[in-house]
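Below, chains carry the letters A, B, ... as their sequence lines are ordered, and counting in each starts from 1.
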There are 2 protein chains.
Amino acid sequence: MSYLENENEEEKQKAAYDIKKYRTPDGAPADIVMFTLTKRERKTVTKTLPIRELKVMLIKRRRWPFAGKWALPGGFCNVNESMYGAAKRELMEETGVDGGHLEYLGVYSKPGRDPRGWIISHAFFALVEEWMLEHRQAADDASEVGLFTVKEALEELDLAFDHHDIIADAYQRIQYQMLETTIAKQFLPRHFTLSELYQVIQSVVPDFEEPNFIRKITSTRSRQGIIEEVRDENGKPLSSNQYSQRPAQLYRFTDLVPRLSIYT
Amino acid sequence: MSYLENENEEEKQKAAYDIKKYRTPDGAPADIVMFTLTKRERKTVTKTLPIRELKVMLIKRRRWPFAGKWALPGGFCNVNESMYGAAKRELMEETGVDGGHLEYLGVYSKPGRDPRGWIISHAFFALVEEWMLEHRQAADDASEVGLFTVKEALEELDLAFDHHDIIADAYQRIQYQMLETTIAKQFLPRHFTLSELYQVIQSVVPDFEEPNFIRKITSTRSRQGIIEEVRDENGKPLSSNQYSQRPAQLYRFTDLVPRLSIYT
DNA sequence: TAAATAGTGTCTATCAGACAGTATGAA
DNA sequence: TTCATACTGTCTGATAGACACTATTTA
């Protein structure tokens, strides 16, 4: 039973509604902070871990506004898609790949942030693999593509719009998530050694230090937990000596979603 | 040095830019999930804790669309304010109070979510005190105001728009935050007993159970930590027998921001 | 054999978890 | 005195953190 007296009243109100009575936004783009963890083999005598560095992908704007400045890749949302859909489409256009981790970051709506008008931007962050960024085709409103360390992007570049703030926020978010969730798996092969895991964490959260890392993660939490040893069909532990002389046990993430609490 | 050949080129591009080339959104409202923890004294012989219940404030819509249905309070963002500013203004209009915890939740943009057109909604959640909701004045597009338990709101009411999803997401978020951050302080007086804290946590996260709660929180983490005993000017511990026969030690939250990690 | 990384032994202090027992003040 | 709530004692097994030690491979 409707609150309105009758259907007729509803129709009348609907007809009287004027969507253009107030000023409306001039656009709602999705901007994406695309993080990748580069992996560069070291040319040393002995086997060793590759150098991993967290980088962010930027494009140089060709047009007004902020022509010539580095900016986040992004594009306007269409009427028939959700913001997440727009971001997914953008990510696909930039990488040519439909995959990877894509997550909403927040809204950026400070008045005056875009000289084109009232533009409410939606930031996402994506975790992609390095090779995904190589197939990129220069889009219409962009020219060069660059991969920068987060430090470079935040401290050395003169970024377009409020993209400096967005990248800073995204960096903070990814650091939290690296420690509180299992997103490390986005940056690792399916099977990995504990040194690799440790290195991945450190390359995203430089302050992270845990002298007894292996001991700790293999003893308690993880054994009931978030990672597990990889074994072959006979139950024999699998190891790899790709990055070390002595072969190291391989691990994989389980599907367990860790829940943290400050009260337990 | 500019990427453009000269200032003239920039002016030309700017003049040629047509903001109305594409269809633009019809509005960007901020909708607020206002949580409050009601506190009802029990009429018992002996002193006891009040009953606390997590509730959400809804208003009954008077106009099309969804006239007669319960909905989140909210309103459209203006061109000269940020989304957060719009939410803050809404919160002020609804409660008459400029305070409390207000936090961004996310964007809701599924095509067709609003029959008025292309309306991209921004959800916030607020933690307010019960008395703040009493001074509310009926706004133009709303009539009744209601306080519902989250369970009622999610399971029994037929809500407007996609507000069911929004409330569900907000509920999940507040549950995480209750366990991972110190937002419990938003629901407690400045000085509180550990039973009160325990009760607040449980009223937001019903599954939370910790038999040795007092022991745990007073021994380790908290002693270096998130809460501390309240003492008078002579260093004598302060206690309260407001809710119990035997007076209980009072505590307060410190300014420490807890950092959790699955790897330590 | 030396070098490099992986992993274990071992020790101590602390913590978790259980549960019985004591303390305080109101009814 | 009884009752309700607030603690404390005490025990066991697990964990954290440090650091020396052993293991496995390559050069």
(request) Among the candidates dT5(D), dA18(D), dG7(C), find the nucleotide nearest to the side-chain atoms of N212(A). (result)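 For the N212(A) side chain, the nearest candidate turns out to be dA18(D).
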
(message) From the set dT24(C), dA26(C), dG17(D), return the single nucleotide nearest to any side-chain atom of Q245(B).
(response)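 Nearest to the side-chain atoms of Q245(B), counting from C-beta on, is dA26(C).
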
(message) Once ring pair (Phe, Tyr, Trp, His ring centres under 6.0 Å) is applied, do any residues pair with F124(B), and if so which ones, sequence neighbours excluded?
(response)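 For F124(B), the residues satisfying ring pair (Phe, Tyr, Trp, His ring centres under 6.0 Å) (neighbours in sequence not counted) are Y104(B).
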
(request) For Y84(B), enumerate each residue passing the ring pair (Phe, Tyr, Trp, His ring centres under 6.0 Å) test, keeping only those at least two apart in sequence or located in another chain. (result)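 For Y84(B) there are no ring pair (Phe, Tyr, Trp, His ring centres under 6.0 Å) partners, ignoring immediate neighbours.
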
Between [atom2] on [N] and [atom1] on [X], what's the gap in Å once rounded to a whole number?
| X | N | atom1 | atom2 | result |
| --- | --- | --- | --- | --- |
| L49(A) | dA4(C) | CG | P | 14 Å |
| K47(A) | dA6(C) | NZ | P | 12 Å |
| I262(A) | dA16(C) | CD1 | P | 14 Å |
| Y263(B) | dA16(D) | OH | C1' | 19 Å |
| L250(A) | dG7(C) | CG | C1' | 14 Å |
| F213(B) | dC15(C) | CZ | C1' | 16 Å |

(message) For a 4.5 angstrom cut-off between non-hydrogen side-chain atoms, does K39(B) reach Q199(B)?
(response)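 Side chain of K39(B) against side chain of Q199(B), heavy atoms only: no contact under 4.5 Å found.
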
(request) Side-chain contact test, heavy atoms from C-beta onward, threshold under 4.5 Å: evaluate it for W70(A) versus E144(A) and give yes or no. (result)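 Yes, side chains in contact.
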
(request) Fit a plane to each ring of F253(A) and F192(A), take the angle between them on a 0 to 90° scale, and name the class: parallel (under 30°), tilted (30 to 60°) or perpendicular (over 60°). (result)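 Correct class here is tilted.
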
(request) Taking side chain to side chain contact (heavy atoms under 4.5 Å, CB included) as the test, write out the residues that go with D232(B), two or more places apart. (result)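 With neighbours one apart ignored, the set is N234(B), K236(B), L238(B).
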
Short side-chain N/O contact to [N] OP1/OP2 from [X], under 4.0 Å:
| X | N | result |
| --- | --- | --- |
| T48(B) | dT5(D) | yes |
| K216(A) | dG17(D) | yes |
| S195(A) | dA6(C) | yes |

(message) For dT14(C), does the base pair up with any side-chain atom of R215(B) as donor and acceptor (N or O, under 3.5 Å, distance only)?
(response)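 By the distance-only test, no, there is no pair.
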
(message) So, taking the atom named OG1 in T193(B) and the one named CD in Q249(B), what distance separates them when rounded to the nearest 0.5 Å?
(response)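 Rounded to the nearest 0.5 Å, the OG1-CD separation comes to 10.0 Å.
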
Identify the pairs formed between an N or O of the protein and an N or O of nucleotides 21-23 of chain D at a distance under 3.5 Å, and give each distance.
residue	atom	partner	partner atom	Å
dA23(D)	N3	R246(A)	NH1	2.7

(request) Describe, as an angle rounded to 10 degrees, how the axis at the first end of the helix from dT1(C)-dA27(D) to dA27(C)-dT1(D) is tilted relative to the axis at the last end, five pairs per end. (result)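 The helix from dT1(C)-dA27(D) to dA27(C)-dT1(D) shows an end-to-end axis angle of 10°.
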
(request) Go through the side-chain N and O atoms of D169(A) and Y108(A) and say whether any donor and acceptor fall under 3.5 Å apart. (result)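 Checked: D169(A)/Y108(A) side chains pair up, N/O donor to acceptor below 3.5 Å.
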
(message) Using the side chain to side chain contact (heavy atoms under 4.5 Å, CB included) definition, which of the options V145(B), L147(B), I167(B) pairs with L58(B)?
(response)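 With L58(B) as partner, side chain to side chain contact (heavy atoms under 4.5 Å, CB included) holds for just one option, I167(B).
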
(request) Inspect the contact between K55(B) and E130(B) and indicate whether a charged nitrogen and a carboxylate oxygen are less than 4.0 angstrom apart. (result)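 No, E130(B) and K55(B) are not salt-bridged.
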
(message) Short of 4.0 Å, heavy atom to strand atom, which residues of residues 234-243 of chain A count as contacting DNA chain C?
(response)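 Hits under 4.0 Å, by residue number: none.
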
(message) If you assign S244(B) and I214(A) each to the DNA chain C nucleotide with the nearest heavy atom, which residue ends up on the more 5' nucleotide?
(response)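 Taking each residue's closest nucleotide, the earlier one in sequence belongs to I214(A).
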
(message) A quick test of your reading: do over 12 heavy atoms of other residues, nucleotides or ligands sit less than 6.0 Å from CD of E209(A)?
(response)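 Check fails, neighbour count at 12 or below.
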
(request) Check whether the ring centres of Y263(B) and Y198(A) lie less than 6.0 Å apart, and answer yes or no. (result)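 No, they do not, as the ring centres are separated by 6.0 Å or more.
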
